[in-house]
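Here the structure comes first, spelled out in structure tokens, and everything after it is commentary.
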Amino acid sequence: MLQLNFIREHEQEVVDRLAVKNFEGREIIRNIVELDDKRRETQKQLDDIQAQSNLLAREIGFLIKSGKNSEANLLKEKTGKLKEQAKGLEVAFESVKKALDDLLVRIPNLPHSTVPRGKSPEDNVVVLQEGSVVPVATTAVPHWDLTTRYDLIDFITGNKITGAGFPLYKGKGARLQRALINFFLDEALRAGYQEVQPPYLVNAASAFATGQLPDKDAQMYYVGLDDLYLIPTAEVPVTNIYRDTILKIQDLPVMNVAYSACFRREAGSYGKDVRGLNRLHQFDKVEIVQIAHPDSSYEILETMREYVSGLLRKLELPFRIVKLCGGDMGFTSALTYDMEVWSPAQARWLEVSSISNFETFQSNRLKLRFKDETGKIHLAHTLNGSALALPRIVAALLENFQTPEGIRIPEALIPYTGFEVIK
RNA sequence: GGAGAGAUGGCAGAGUGGUCGAUUGCGGCGGUCUUGAAAACCGUUGACCUGCAAGGGUCCGGGGGUUCGAAUCCCUCUCUCUCCGCCA
């Protein structure tokens, strides 16, 4: 959520920057400023009445104590009138505030000044590409055939147990999953992240604070009986650890890493997008989250990008880094890099990580702040990234390292799998 | 799931209708003393809205009510603890 004061003071700039995200905001921003004017005015009136009432109540107290009951009763009549006025103003205040909030939550985050303009993924900017990308016409077997050939993943049985998008990992397939999770967690630990294990269900307040509500509620599984949501990413519970907190400046940056299963409804997805491991309803992911000082958050974003690049290098996968254009960016993000690995059998890039700086957009909802050296309180910046999402990594490993003798396991992973090849 | 108790500032813990945003202790911060530290002593120490400021307003788990006035009384929800039941 954008900060009201910033909107008030930079109305034109806000409108212009929203345009980069293809969000036409002139009218709604004007509306917000006007509603806020109204809100302030109403609150001033309400405060004045409250101040008068407080004063009178105090006087009445003194009068009653000194036995001057008739004088006290006279003042009581006055307060009665004030009360009526206050009631009317309160109703007005609440309705203005609600209207204001309803508009405010619909405004996406402002893109960073370096975010390229654009409407669709074609307008994204490739900032780096590494590794050998085998051209389209090869004999590469798609991962969904390899998983069957080597009995790694049973999509059919997963379908029987739950439904499409809930695969059953078996044998070396299951062990490869576990190896990757441990590898990613260990690497993050080495990089200075603190490991946490969050709940997989969150309440509405948490989902709202990180921006999943009210914008993307159709994406989350909802447990109505208990009014809880299954997490679409560990970002939600991990970031919410710090909801309603004021950190000490010396605690920054906070670095957390968490493994979790992730649950996404993915309503409306179809075709090649959901084939095999491309898009699942349940998948595993290791997520890194940082809470940073505003002055260093973009530096930290680069270190996170470099960190994830390092993981992909250790896995020996061809990958590229894409800077998202305004139109392809998420609602809450100010700047996002997507990390994509090459799928030789599908001849396309698969997104395995999305690394974003949310600046104060989440922390404003989270009320996540820090106290500077002078004791002043500011909103912190939040950042996160996948490090990494498993299914497409598995797909890329299988497709890139397939040989006539089986699937080769990259060097760095062998200590974790305990096997060097899948035959 | 049943019975009882409770929810107050970073923590502990007072406060049961009137100047209480809240006694006190610990912790934190600043200072005196010290070569330095500890101890001791002195001072200071919540957040939010509004205002140039002075100031004003709100907040004692959430919501509602009684009252001129609520941390304090009433209703309700949530959560925590203890005991019982069930259980990985």
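Residues from residues 362-373 of chain A with heavy atoms under 4.0 angstrom of RNA chain B, sorted by number: R369(A), K371(A).
One P atom belongs to G21(B), the other to C60(B), and the distance between them is 12 Å to the nearest Å. Nucleotides G30(B) and C73(B) place their P atoms 41 Å apart, quoted to the nearest Å. Only the P atoms considered, G4(B) is 29 Å distant from A71(B), to the nearest whole Å. Taking atom P on both G69(B) and U58(B), the two are 12 Å apart, rounded to the nearest angstrom. To the nearest whole angstrom, the two C1' atoms, one in U80(B) and one in U23(B), are 26 Å apart. For the C1' atom pair drawn from G62(B) and A7(B), the interatomic distance equals 11 Å after rounding to whole Å. Separating the P atom of U45(B) from that of G51(B) is a span of 25 Å, rounded to the nearest Å. Spacing between U44(B) and G9(B) at atom C1', rounded to whole Å, works out to 15 Å.
No salt bridge links R106(A) with D102(A); every basic N to acidic carboxylate O contact stays at or beyond 4.0 Å. Contact check on E340(A) versus R392(A) returns no salt bridge, with no Lys/Arg side-chain nitrogen under 4.0 Å from an Asp/Glu carboxylate oxygen. One finds a salt bridge joining D151(A) and K170(A) here, because a Lys/Arg side-chain nitrogen approaches an Asp/Glu carboxylate oxygen to under 4.0 Å.
Of all non-hydrogen atoms in F208(A) and L213(A), the two that sit nearest each other are CD1-O, 3.4 Å. Residues S343(A) and E399(A) approach most closely at OG-OE1, 2.6 Å, considering heavy atoms. Between H381(A) and S297(A), the shortest heavy-atom contact is ND1-OG, 2.7 Å.
The pairing partner recorded for A70(B) is none, the criterion being a Watson-Crick or G-U wobble arrangement whose two distances lie under 3.5 angstrom. The pairing partner recorded for G55(B) is U50(B), the criterion being a Watson-Crick or G-U wobble arrangement whose two distances lie under 3.5 angstrom. Remark: C26(B) base-pairs with G10(B). Criterion, Watson-Crick or G-U wobble with two distances under 3.5 Å. Across all strands shown, A39(B) remains unpaired; no Watson-Crick or G-U wobble contact has both distances below 3.5 Å. In this structure, A88(B) forms no base pair with any nucleotide, since neither Watson-Crick nor G-U wobble geometry is met with both distances under 3.5 Å. Under the Watson-Crick or G-U wobble criterion, with both distances below 3.5 Å, C83(B) is paired with G2(B).
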**OP:** Sugar-phosphate atoms are those with a prime plus P, OP1 and OP2; base atoms are the rest. Using that split, label each nucleotide of nucleotides 62-69 of chain B B, S or - for protein heavy atoms under 4.0 Å, 5' to 3'.
**Re:** -----BBS
Original post:
When you check every protein heavy atom under 4.0 Å of nucleotides 50-58 of chain B, what one-letter string (B, S, -) results, 5' to 3'?
Top reply: SS----BSS
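Ring orientation note: the planes of F331(A) and F361(A) are nearly perpendicular, at an angle over 60° on the 30°/60° scale.
Taking atom CG on D227(A) and atom C1' on C79(B), their separation rounds to 15 Å, with Å as the unit. What separates CD1 of I246(A) from P of G9(B) is a distance of 14 Å, to the nearest Å.
Shown here are the ring-ring contact (aromatic ring centres under 6.0 Å, His included) partners of Y200(A), two or more places apart in sequence or in another chain: there are none. For Y307(A), the ring-ring contact (aromatic ring centres under 6.0 Å, His included) partners two or more places apart in sequence, or in a different chain, are Y193(A). Listed by chain and number, the residues in a side-chain hydrogen bond (donor to acceptor under 3.5 Å, both in side chains) with E71(A) amount to none (sequence neighbours excluded).
Remark: side-chain polar atoms of N364(A) are not paired, donor with acceptor, to backbone N or O of T360(A) under 3.5 angstrom.
Proximity of the aromatic rings of F263(A) and H281(A) is defined here by a centroid distance below 6.0 angstrom, and this criterion is not met.
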